[in-house]
2 protein chains.
Amino acid sequence: MSPSKSRTDALMAGEELSSVAQRERRKRIVDATIALASKGGFDAVQMRAVADRADVALGTLYRYFPSKVHLLVSSLAVELERAQEKMDRTTVPGDSPYERVLFVLGRITRGLQRNPHLTEAMTRAFTFADASAGAEVDRVAWLMESMFTRAMSDEDPTDEQKAIARVIGDVWLSNLVAWVTRRATATDVANRLELTVRLLLK
Amino acid sequence: MSPSKSRTDALMAGEELSSVAQRERRKRIVDATIALASKGGFDAVQMRAVADRADVALGTLYRYFPSKVHLLVSSLAVELERAQEKMDRTTVPGDSPYERVLFVLGRITRGLQRNPHLTEAMTRAFTFADASAGAEVDRVAWLMESMFTRAMSDEDPTDEQKAIARVIGDVWLSNLVAWVTRRATATDVANRLELTVRLLLK
DNA sequence: GAAGTTTATAGAACGTGTTCTATTTCCGGC
DNA sequence: GCCGGAAATAGAACACGTTCTATAAACTTC
């Protein structure tokens, strides 16, 4: 049982899946997760339901993703990558970092708000993640940070820019959570983000 | 069953508990929660274990706190109140908001880091909370915010000060979570907090 | 202080995340 | 094509949060 560990880790990371069949299985699982999450949020992502929908045995699901949190955080990474790619194909308007960051922030936020259940599922998983999902969480955190540093400038970001991006990411996530738990309206979120970016970049 | 609803809500809020016995039960429950959390973190706070330790039936526990998350977030509020009281008895040194906020932040952070398991349990519950625990979460958010606005000045805080306090709170929580999940060291946390406060208040 | 109501108790029961077991299928090397 | 080990499958089993049931104890009100 132990010698298979490294192979299993590769499955989790989603890279270098030995066979086509495995890559397809993994994709089916992530797709099923996103579909279920979109329909009913965190609670609707039940491991048996994901396995069923992905046409995979429960044990196989757990071989690919060792927990529900890993599964959802990995799906969040997939979604963020998609958003980043879309953003890369867009020319971000605005001639100051302030304006450009605000544009990116507004766009992604509205994108997520278009799918409240999915957002709820993914953000709750992200913030609930424990140490065992550290790698996946770090990956998402890095995606978020680089999303904002890229908006600030085309050059390599300075340390200060990285710090600012991180703060924005923290505030962004916290407001997203407040929104999915209905403690803040979309307007509240927009206002607070604007205010935060202003404090940091103006 | 329905007519008792309003009474139950009062129990949750922890105010106006009709009898001494009830206030004592509630206290025993919170104490048991904190003790178990201190020993083994979120996972060790098992509802049956809390009930046992508080000498209360499982059903009674649920009458006082409708879920594990409510229980832990309420306990977090209790802890923050304690910290605030302690802070009130201290003269916060420093002659700029920057210095004073940093002092308060450092103190509370080190305080929490002295009890990693408890901190893990409470922060994870806080960030995992769903809409049903909105009131409890808001209370904690408010405690955090006012902790920082108080450090900034003795006067009533301006809107900008409130905004800054909120941002600091978001960053603080996020770093605390990174620390409990072992994605950041205590030094990382201290550095990032310092940097954030500098960006916002200097 | 008795009747009626609310609250507490013990413990069974249920749902869902996770683990385990036994069996079958797939795949790389001969 | 065949063998041996890894991966997948079906399904049972287990753990813990939560809910439910039946009974007893504690209160209110007269």
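Basis for what follows: all heavy atoms, side chains included, without hydrogens, waters or symmetry-related copies. Chain naming here is simple, since letters A, B, ... match the order of the sequence lines and numbering starts at 1 in each.
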Practice problem: Round to a whole Å and report the spacing from CD of Gln22(B) to P of dT9(C). | Solution: 11 Å
Quiz item: In whole Å, what is the span from the CG atom of Leu72(A) to the P atom of dT18(C)?
Solution: 10 Å
Exercise. List in numerical order all residues of residues 50-57 of chain B for which some heavy atom is under 4.0 Å away from an atom belonging to DNA chain C.
Key: Asp55(B), Val56(B), Ala57(B)
Quiz item: Mind checking what makes side chain to side chain donor-acceptor pair (under 3.5 Å) contact with Thr123(B), not counting sequence neighbours?
Solution: none
Quiz prompt | side chain to side chain contact (heavy atoms under 4.5 Å, CB included) partners for Ala44(A), two or more places apart | solution = none
Quiz item: Which pairs count as salt bridge (charged side-chain N to carboxylate O under 4.0 Å, His left out) when at least one residue sits in residues 107-131 of chain B, sequence neighbours excluded?
Solution: Glu120(B)-Arg124(B)
Quiz prompt | Spacing between Leu61(B) atom CG and dT7(C) atom P, to the nearest angstrom | solution = 16 Å
Exercise. In plain terms, say whether Arg139(A) and Glu136(A) are close enough for a salt bridge, that is, a side-chain N and a carboxylate O under 4.0 Å apart.
Key: no
Quiz prompt | Where at least one partner belongs to residues 178-202 of chain A, residue pairs that pass salt bridge (charged side-chain N to carboxylate O under 4.0 Å, His left out), sequence neighbours excluded | solution = Arg183(A)-Asp138(B), Glu194(A)-Arg198(A)
Quiz prompt | Partners meeting side chain to side chain donor-acceptor pair (under 3.5 Å) with Asp52(B) (sequence neighbours left out) | solution = none
Practice problem: Sequence neighbours left out, what passes side chain to side chain contact (heavy atoms under 4.5 Å, CB included) with Ala129(A)? Give chain and number order. | Solution: Val69(A), Ala133(A), Val137(A)
Quiz item: What residue pairs, at least two apart or across chains, pass side-chain hydrogen bond (donor to acceptor under 3.5 Å, both in side chains) with a residue in residues 149-172 of chain A?
Solution: Asp88(A)-Arg150(A), Thr109(A)-Trp172(A), Asp170(A)-Ser174(B)
Quiz prompt | Partners meeting ring-ring contact (aromatic ring centres under 6.0 Å, His included) with Phe128(B) (sequence neighbours left out) | solution = Phe42(A), Phe128(A)
Identify each atom pair where a protein N or O and an N or O of nucleotides 16-22 of chain D are less than 3.5 Å apart, giving names and distance.
from	atom 1	to	atom 2	distance (Å)
dC16(D)	OP1	Gln46(B)	NE2	3.0
dG17(D)	OP1	Val45(B)	O	3.4
dG17(D)	OP1	Lys68(B)	NZ	3.0
dG17(D)	OP2	Met47(B)	N	3.0
dG17(D)	N7	Arg48(B)	NH1	2.8
dG17(D)	O6	Arg48(B)	NH2	2.8
dT18(D)	OP2	Tyr62(B)	OH	3.0
dT18(D)	OP2	Lys68(B)	N	2.9
dT18(D)	O5'	Tyr62(B)	OH	3.4
dT18(D)	O4	Arg48(B)	NH2	3.0

Quiz prompt | Atom-pair distance (CG on Leu71(A); C1' on dT18(C)), nearest Å | solution = 13 Å
Quiz item: Atom OH of Tyr64(B) to atom P of dT7(C): distance rounded to whole Å?
Solution: 9 Å
Quiz item: Any donor-acceptor pair under 3.5 Å linking the side chain of Ser38(A) with the backbone of Ile34(A)?
Solution: yes
Quiz item: Taking CZ from Arg23(B) and P from dC27(D), how many angstroms apart are they, rounded to a whole number?
Solution: 13 Å
Quiz item: So which pairs with a foot in residues 34-48 of chain A pass salt bridge (charged side-chain N to carboxylate O under 4.0 Å, His left out), sequence neighbours left out?
Solution: none
Quiz prompt | Separation of dA8(C) P from Phe65(B) CZ (nearest whole Å) | solution = 12 Å
Self-check item: Footprint string (nucleotides 22-30 of chain C, 5' to 3'): B base within contact, S backbone only, - free, heavy atoms under 4.0 Å
Solution: ---------
